[in-house]
Amino acid sequence: MTSLSLAEAAPIAVVPVTARVGAEIRGVRLSGDLPEATIAAINAALLAHKVVFFRGQAHLDDAAHEQFARRLGDLVPHPTQGAFNNSASILNLDSSRGGGRADQWHTDVTFVDAYPKFSVLRGVVIPEAGGDTVWSNTHAAYEALPEPLRRLADTLRAIHSNVYDYAAVRPRASAEERRHYEEVFTSTVYETEHPVVRVHPETGERSLLLGNFVQRFAGLSKRDSAVLYDLFQSYVTAPENTVRWRWQAGDVVIWDNRATQHYAVNDYGDAHRVVRRVTVDGDVPVGVDGRPSTALRVAAKPAAKAA
């Protein structure tokens, strides 16, 4: 369990957005030199609410974004896309360059074993209408399962990969988005086996570890896996377990990537949307039975054959 409660941390204003997930933190100007007590309070709010929102942080540039995020832990670049513009870890999600339209429910980078602990996302260019992001509390989703389904989930393991049928999942994706997926996102093939229920290393809470990188459940057929996946995932995406954020330029959102999924709503047409993400390095998940996740494959994608 976390050793620092919100009451014991620095006096910051934490305003819940919903009862189950999400809180806005007010009165904090984010920077790399915040007092340790303030950082501890932000961390405590993250553990309690899973995702926290900050308005009015337009003073942050890329360097200051990373300096702040580094106070939460070691930074790590995206495993296939690297870091943006000579930064240490920034992922530039630009809707005009084939990226940023992550309109699938997912937890960041679960195709690797020690996927990120926290993600710190900054709004740079925000459409006048649309472009919200929705987060789900995957611990609340687990708690909402009927007891027989909870017992089943506790025993399952799933294969996650960054390589999947992109055309089937996103049939209306642009040619640029398809190129970005094929040439950049899957340049290296990753496969990892995770427990379907992970035990949070700081709170001890159990959460469903699913999302769009799941290919199948270990020991089950693709068909049976799809049926079970849809069943469990329906608890993740249930509206009462979610929070929706209307972005403004300069907003910063931090989420506990060990206890959430999220979805970028693709409802802004040709408008320009740019958000930049810094990720804090995570640990290898452990299931209810104490078994850790296992990396199954890391390999360069074979070059395409000439026609």
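- Contacts of D251 classified as salt bridge (Lys or Arg N to Asp or Glu O under 4.0 Å), with partners at least two apart in sequence or in another chain: R55.
- By the 4.5 Å heavy-atom criterion applied to side chains, Y268 and S95 are counted as neighbours.
- Hydrophobic side-chain contacts under 4.5 Å tie I159 into a cluster, directly or through other members, with L296.
- Checked by atom type and distance alone, the side chain of R150 pairs as donor or acceptor with a backbone atom of L145 at under 3.5 Å.
- Under the 3.5 Å distance criterion, the side-chain polar atoms of N241 are left unmatched by any main-chain donor or acceptor of S136.
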Take R206 and D154 through the test salt bridge (charged side-chain N to carboxylate O under 4.0 Å, His left out) and record every step on the way to the result. CA-CA 9 Å; R206 297 180 182 185; D154 288 345; 3.2 Å; yes
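- The pair R122-D62 counts as a salt bridge, with a side-chain nitrogen and a carboxylate oxygen less than 4.0 angstrom apart.
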Under the criterion salt bridge (charged side-chain N to carboxylate O under 4.0 Å, His left out), I'd like the reasoning laid out for R277 against D108: C-alpha separation, chi angles, the key distance, then a yes or no. CA-CA 11 Å; R277 189 182 84 203; D108 286 336; 3.2 Å; yes
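- Ring pair F53/W135: centre-to-centre distance below 6.0 Å.
- Using a 30° and 60° split on the angle between ring planes, F213 and H106 fall in the perpendicular class, above 60°.
- In this structure, W255 and V52 have side chains that are not in contact, with every pair of non-hydrogen atoms separated by 4.5 Å or more.
- Two residues are said to be in side-chain contact when any heavy atoms from C-beta on lie closer than 4.5 Å; V274 and N92 meet this criterion.
- Closest approach of E24 to V17, counting heavy atoms only: N-CG2, 3.9 Å.
- Within the 4.5 Å cutoff, the side chain of S207 has no heavy atoms near those of the V197 side chain.
- When atom types are taken as modelled, the side chain of H49 and the backbone of R20 share no donor-acceptor pair closer than 3.5 angstrom.
- In terms of heavy atoms, R246 sits closest to P127 at NH2-O, 3.2 Å.
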Using the side-chain contact (heavy atoms from CB on, under 4.5 Å) rule, take I12 and T38 through it: C-alpha gap first, then chi angles, then the decisive distance, then the call. CA-CA 7 Å; I12 62 175; T38 302; 4.3 Å; yes
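- L30 and H59 make their closest contact through O-NE2, 2.8 Å (heavy atoms, listed as atom of the first residue, atom of the second, distance).
- Summarising the local packing, CG of D230 is surrounded by more than 12 heavy atoms from other residues, nucleotides or ligands at distances under 6.0 Å.
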Start with the C-alpha distance between E205 and K50, add both sets of side-chain angles, then the distance that settles side-chain contact (heavy atoms from CB on, under 4.5 Å), and finish with yes or no. CA-CA 12 Å; E205 294 176 342; K50 315 310 181 198; 2.6 Å; yes
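- Listed for the S225 side chain is a donor-acceptor partner under 3.5 Å among the backbone atoms of F217.
- Under a hydrophobic clustering in which Ile, Leu, Val, Met, Phe, Trp and Tyr are joined whenever their side-chain heavy atoms come within less than 4.5 Å, directly or via other members, F68 and V76 fall into different clusters.
- Judged by distance alone, the side chain of Y142 and the main-chain N or O of A153 form no donor-acceptor pair under 3.5 Å.
- Every residue two or more places apart in sequence or in another chain was checked for a salt bridge (Lys or Arg N to Asp or Glu O under 4.0 Å) with E191, and none qualifies.
- Side chains of L91 and Q81 form a contact here, defined as non-hydrogen atoms less than 4.5 Å apart.
- Between V109 and P79 the shortest heavy-atom distance is CG1-CG, 3.6 Å.
- Only one option out of T155, L210, L209, V214 pairs with V196 in a side-chain contact (heavy atoms from CB on, under 4.5 Å); it is L210.
- Taken from CZ in F232 to CG in L149, the straight-line distance is 5.5 Å, to the nearest 0.5 Å.
- Looking at R71, its side chain does come within 3.5 Å of a backbone N or O of G32 through a donor-acceptor pair.
- Scored by the ring pair (Phe, Tyr, Trp, His ring centres under 6.0 Å) test, Y115 finds H194 as partners (sequence neighbours excluded).
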Decide side-chain contact (heavy atoms from CB on, under 4.5 Å) for N162 and T80; before the verdict, give the C-alpha distance in whole Å, the side-chain angles of both, and the deciding distance to 0.1 Å. CA-CA 9 Å; N162 61 322; T80 65; 4.0 Å; yes
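- Defined by atom type and a distance below 3.5 Å, a donor-acceptor pair is present between the side-chain atoms of H160 and T110.
- Counting only N and O atoms by type, the side chains of S31 and Q67 include no donor and acceptor under 3.5 Å apart.
- Listed for the D281 side chain is no donor-acceptor partner under 3.5 Å among the backbone atoms of K117.
- Heavy atoms only, all atoms of each residue included: G123 and W247 are closest at N-CZ3, 3.6 Å.
- R29 meets the salt bridge (Lys or Arg N to Asp or Glu O under 4.0 Å) test with no other residue; sequence neighbours excluded.
- Side-chain atoms of D113 never come within 3.5 Å of backbone atoms of S293 as a donor-acceptor pair (strictly under, hydrogens ignored).
- Between R216 and D224, no side-chain nitrogen of the basic residue sits less than 4.0 Å from a carboxylate oxygen of the acidic one, so the salt-bridge criterion is not met.
- Connectivity analysis of hydrophobic side chains (ILVMFWY, heavy atoms under 4.5 Å, direct or indirect) links V134 to W105, Y263, V265.
- The closest side-chain heavy-atom distance from L60 to V252 is below 4.5 Å.
- Ion pair E202/R258 flagged as a salt bridge, since at least one NZ, NE, NH1 or NH2 atom sits closer than 4.0 Å to an Asp/Glu carboxylate oxygen.
- One finds the CG atom of N212 at 6.5 Å from the OH atom of Y229 (value rounded to the nearest 0.5 Å).
- With S89 as the fixed residue, the side-chain contact (heavy atoms from CB on, under 4.5 Å) test singles out one of H78, E66, R70: E66.
- Between E193 and R297 there is no salt bridge, since none of the side-chain N atoms of the basic residue sits less than 4.0 Å from a carboxylate O of the acidic one.
- Placement of V125 and L93 in two distinct hydrophobic clusters is found when ILVMFWY residues are connected by side-chain heavy-atom separations under 4.5 Å, directly or transitively.
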Dump the intermediate steps for side-chain contact (heavy atoms from CB on, under 4.5 Å) on Q57 and H65, then the final yes or no. CA-CA 10 Å; Q57 306 297 322; H65 184 177; over 6 Å; no
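- No more than 12 heavy atoms of other residues, nucleotides or ligands shown are found within 6.0 angstrom of CG on D74.
- In the hydrophobic clustering of ILVMFWY residues, with side-chain heavy atoms under 4.5 Å counting as a link, V124 and I126 come out apart.
- Other residues, nucleotides and ligands contribute only 12 or fewer heavy atoms inside 6.0 Å of the CD atom of E128.
- H139 and H200 share no side-chain donor-acceptor pair at under 3.5 Å.
- Considering OG1 of T18 and CG of N137, their distance stands at 8.0 Å, rounded to 0.5 Å.
- The heavy-atom pair separating V280 from A69 by the smallest distance is CG2-O, 3.9 Å.
- The closest side-chain heavy-atom distance from I90 to N85 is not below 4.5 Å.
- Under the 4.5 Å side-chain criterion, counting only non-hydrogen atoms from C-beta, T237 is not in contact with T242.
- Both L152 and L220 are assigned to one and the same hydrophobic cluster, defined by single-linkage of ILVMFWY side chains at heavy-atom distances under 4.5 Å.
- Between the CG atom in D103 and the OG1 atom in T133 there is a gap of 11.0 Å [rounded to 0.5 Å].
- Linking ILVMFWY side-chain heavy atoms closer than 4.5 Å, directly or via other members, places I25 and L72 in a single hydrophobic cluster.
- A donor-acceptor pair under 3.5 Å is formed between the side chain of T107 and the backbone N or O of T260.
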